[in-house]
Amino acid sequence: MANYSINQPSAYFQAQLYTGNSSTQTVTNGGPANLQPDVVWTKCRSNTSDNFLFDSIRGVQNQLHPNTTDPQGANATSLTSFNSDGWTMGNTGGMNFSSQTYVGWQWKCNAGTSPSNTQGQRTSLVQSNSTAGFNIIQFNDGGSTGQTVGHGLGEVPSFFLAKNKNSSSGWYGMFPKIWGGNQSSGINTTNAFGTVSGFSNFTSTLFTSGQSSSSDHICYAWKPIRGYSAFGTYKSNNNADGPKIFTGFRPALVLCKMTSGGTNWRMYDSRREGFNPENNYLLTNSTAVENTAANAELEIHSNGFKLTNAEGDINYNSENVLYAAWAELPQVFTDGVPVQAR
C-alpha cells in the first residue's frame, strides 16, 4: 500500500464544534494533534448568521464574510487570538451568541510569518506551508491592471479564493489547474463559473491581477497533498446511486459547487454528525442555518465520499461539479496500516 507524507491531518486542518456563550470564549480543538490555526472560518449552525473568516496575515479582529461583498471590518469582540490549539473570541453574536451552536473550520499555514515575494511585478506577502500545500497571499494592485503577483505555491493552484479586502466587491472562487485559469464563481453567490479578468494566467509561481483599485487583496491557494487534500471535478448523475469520488483519505471537510448557475457552494464535514449519511450542510454563500431536513445526500468513506441522492446542487442531471476536500485521516498511515472505515 502507498504511504503518505502526512500521518496526522489534524495538525493542518480541523473542524471544531462549539456552543456560544455571549462572552469571551476560548475554543480548543478536539483532534488528536494540536493545531495553531492561521485561517479560522466560523458559521452558526442553529441561527441565521454571516460566515466569519480570519487569517494571521490580516491579523486578529479583522473579519471578512464569505457570504457578502462587505469589505474587511475591525471588530474588537470577534476573534482576538490564534492559540496553540484553537482560538479565542469575544461576544460577537454571529460567532458567539449564547446557546447557539457553531462550527469552526481551521487551516494551519506558517504562524503568521509572511515574507515578501518579489517574483511578480507587484510585491506580495506570502505565508507558506509546503507540507500542507497551502499559501496565504496579500498584495496591493497599485492601481494598474495586468500586473503579475507571486503566489509561491510551486505549482498552479488547484483551489484559489480571493477578495479585495478594502472594498464592497465580490469574492472569487477558482479551480485554476482543474477548471481553467480565469474561470470563477463568487463564493458569496450562486453564479455559474465564467470568465473573469480579476485573476488569470496562473503559473507555478505567478498569477495576473486584473484589479486596478489601489487596494489590498487577500488570497488563499491550495495544491493537492497525497493523503491530505484533493481537488477535482465529477459528473453528477441525478441518481441515488451517485458518483463515488476517491480522494485517498477519509474527508474531514468537503466543499462542492456545480459549475452551472443557481447552485450553492455546500460544505459538509465529519464533525457535525460524525456518522453516515453526512446529510447536514452549510453554505458559503448564505446566512442560512444548517440544513437538517434533506434526505441522505453525501456519505464520507475511508477513501473518499459518495453522492447518495438526486438533488439540485451537487447531483442534478448530468452536470460538472467541482470539489475541494481535506482529510480527517489518510487512507493508509505512514507505517502502511490502513485506516478503518466509519
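This structure is a prediction, so every number in the text was calculated from the model and none was measured.
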key: Value rounded to 0.5 Å, distance of OG in S185 from CZ in F175   = 9.5 Å

ask   = Could you walk me through whether Q147 and S209 pass the side-chain hydrogen bond (donor to acceptor under 3.5 Å, both in side chains) check?
value = CA-CA 5 Å; Q147 300 286 294; S209 169; over 6 Å; no

query = Please walk me through it: do I218 and I136 pass side-chain contact (heavy atoms from CB on, under 4.5 Å)?
reply = CA-CA 7 Å; I218 191 72; I136 308 172; 3.8 Å; yes

remark   = Heavy-atom closest pair (G86 atom, P37 atom, distance to 0.1 Å) is O-CD, 3.3 Å

ask   = Can you find a heavy atom in the side chain of N135 that is under 4.5 Å from one in the side chain of F160?
value = no

Contact check, side chains of L161 and W222, non-hydrogen atoms, under 4.5 Å = yes

Pair Q211-F199, side-chain contact (heavy atoms from CB on, under 4.5 Å): steps then yes or no = CA-CA 8 Å; Q211 316 292 332; F199 295 92; 3.5 Å; yes

query = Could you go step by step and tell me if F193 and N320 meet the side-chain contact (heavy atoms from CB on, under 4.5 Å) rule?
reply = CA-CA 11 Å; F193 278 80; N320 293 304; over 6 Å; no

query = Tell me, do M267 and V254 make a side-chain contact under 4.5 Å, heavy atoms counted?
reply = no

key: Connected via hydrophobic side-chain network under 4.5 Å: L322 and V196   = no

note = Scanning both residues in full, the closest heavy-atom pair of P71 with S168 reads CD-OG, 3.4 Å

inquiry  = Test of understanding: clusters of I, L, V, M, F, W, Y form through side-chain heavy atoms closer than 4.5 Å, transitively. Do F82 and V27 belong to the same one?
reply    = yes

ask   = Hey, what's the ring geometry for Y12 with Y228, parallel, tilted or perpendicular (30° and 60° as the breaks)?
value = perpendicular

query = Can you say whether the rings of Y102 and Y18 are parallel (under 30°), tilted (30 to 60°) or perpendicular (over 60°)?
reply = parallel

message = Check whether T247 reaches the backbone of A230 with its side chain - one donor and one acceptor, N or O, closer than 3.5 Å.
response = no

key: Pair N29-Q106, side-chain hydrogen bond (donor to acceptor under 3.5 Å, both in side chains): steps then yes or no   = CA-CA 10 Å; N29 288 316; Q106 305 154 79; 2.6 Å; yes

Pairwise side-chain contact, N75 with Q61, heavy-atom cut-off 4.5 Å (strictly under) = no

ask   = Hey, mind stepping through D70 and L64 against side-chain contact (heavy atoms from CB on, under 4.5 Å) and telling me if it holds?
value = CA-CA 7 Å; D70 293 348; L64 286 169; over 6 Å; no

key: From I6 atom CD1 to S229 atom OG, the distance as rounded to the nearest 0.5 Å   = 7.0 Å

request  = Can you measure from SG (C256) to CD1 (I245) and round to the nearest 0.5 angstrom?
outcome  = 7.0 Å

request  = Would you check if the side chain of Q14 reaches a backbone N or O of G31 as a donor-acceptor pair within less than 3.5 Å?
outcome  = yes

query = Minimum heavy-atom separation for S214 to G142, with atom names?
reply = OG-C, 3.8 Å

request  = Taking atom types as modelled, find out whether S56 and Q127 have a side-chain donor-acceptor pair closer than 3.5 angstrom.
outcome  = yes

query = Going by atom types alone, do N166 and S213 pair a side-chain donor with an acceptor below 3.5 Å?
reply = no

task = Would you confirm whether D38, through its side chain, and W107, through its main-chain N or O, come within 3.5 Å as a donor-acceptor pair?
result = no

inquiry  = If I compare all heavy atoms of S130 with all of K223, which pair ends up nearest, and what's the gap?
reply    = O-CE, 4.4 Å

ask   = Do you know the tightest heavy-atom contact between T208 and T148?
value = OG1-CG2, 4.0 Å

ask   = Just wondering, do N280 and T292 contact through their side chains at under 4.5 Å, heavy atoms?
value = yes

inquiry  = For F13 and W326, take the angle between the two ring planes, folded into 0 to 90°, and tell me which bin it lands in: parallel under 30, tilted 30 to 60, perpendicular over 60.
reply    = parallel

key: Geometric class of the W105/W41 ring pair [parallel <30°, tilted 30-60°, perpendicular >60°]   = perpendicular

ask   = Is there side-chain contact between Y220 and F159, with at least one heavy-atom pair below 4.5 Å?
value = no

query = Between the side chains of S236 and E319, is a donor N or O closer than 3.5 angstrom to an acceptor N or O?
reply = no

request  = Report yes or no: does N237 contribute a side-chain atom to a donor-acceptor pair with the main-chain N or O of N239 at less than 3.5 Å?
outcome  = yes

request  = Go through the steps for K257 and N264 under the test side-chain hydrogen bond (donor to acceptor under 3.5 Å, both in side chains), then give the verdict.
outcome  = CA-CA 6 Å; K257 172 67 172 78; N264 295 293; over 6 Å; no

task = Evaluate the side-chain proximity of E290 to V103: yes if any heavy-atom separation is below 4.5 Å, no if none is.
result = no

inquiry  = Looking at T19, is its backbone amide N or carbonyl O close enough to the side chain of T101 to form a donor-acceptor pair, meaning the two atoms are under 3.5 Å apart?
reply    = no

ask   = Is there a chain of hydrophobic side chains (I, L, V, M, F, W, Y, each step under 4.5 Å between heavy atoms) that links F231 to W179?
value = yes

request  = Tell me whether L35 is reachable from L17 by hopping between hydrophobic residues (I, L, V, M, F, W, Y) whose side-chain heavy atoms are closer than 4.5 Å.
outcome  = no

Reference residue Q72; test side-chain hydrogen bond (donor to acceptor under 3.5 Å, both in side chains); the match among K163, Q63, H65, R58 = R58

query = Do you reckon V149 sits in the same ILVMFWY cluster as L125, going by side-chain contacts under 4.5 Å, direct or chained?
reply = no

request  = Output the distance between atom OG1 (T92) and atom CZ (F52), rounded to the nearest 0.5 Å.
outcome  = 6.0 Å

query = Does F139 have R122 sitting over its ring (NZ/CZ under 6.0 Å from centre, angle to axis within 45°)?
reply = no

Donor-acceptor contact present, side-chain N276 to main-chain I300, <3.5 Å = yes

request  = List the steps, then state whether side-chain hydrogen bond (donor to acceptor under 3.5 Å, both in side chains) holds for N21 with N96.
outcome  = CA-CA 6 Å; N21 66 1; N96 193 20; 3.0 Å; yes

note = dist N67:CG -> K43:NZ (nearest 0.5 Å) comes out at 7.5 Å

query = Side chain of T233, backbone of V321: donor and acceptor closer than 3.5 Å?
reply = yes

request  = On the 0 to 90° scale, with breaks at 30° and 60°, tag the H151-F207 ring pair as parallel, tilted or perpendicular.
outcome  = parallel

query = Is there a donor-acceptor pair closer than 3.5 Å between any side-chain N or O of N129 and the backbone N or O of C109?
reply = yes

message = Has S114 got a side-chain atom pairing as donor or acceptor with G112's backbone, closer than 3.5 angstrom?
response = yes

ask   = Hey, what do you get for CG (D141) to OG (S124), rounding to the nearest 0.5 Å?
value = 13.0 Å

query = Just checking, is any N or O donor in the side chain of T88 or N83 under 3.5 Å from an acceptor N or O on the other one?
reply = yes

key: Salt bridge present between K306 and E299 (N-O < 4.0 angstrom)   = no

task = Give a yes or no on this: more than 12 heavy atoms of other residues, nucleotides or ligands lie within 6.0 Å of atom OH of Y323.
result = yes

message = Do W171 and W265 make a side-chain contact, defined as non-hydrogen atoms from C-beta onward lying under 4.5 Å apart?
response = no

request  = Specify the closest pair of heavy atoms between Q36 and A111, including all atoms of both residues, with the distance to one decimal.
outcome  = NE2-CB, 4.0 Å

ask   = Are the side chain of N315 and the backbone of N238 linked by a donor-acceptor contact shorter than 3.5 Å?
value = yes

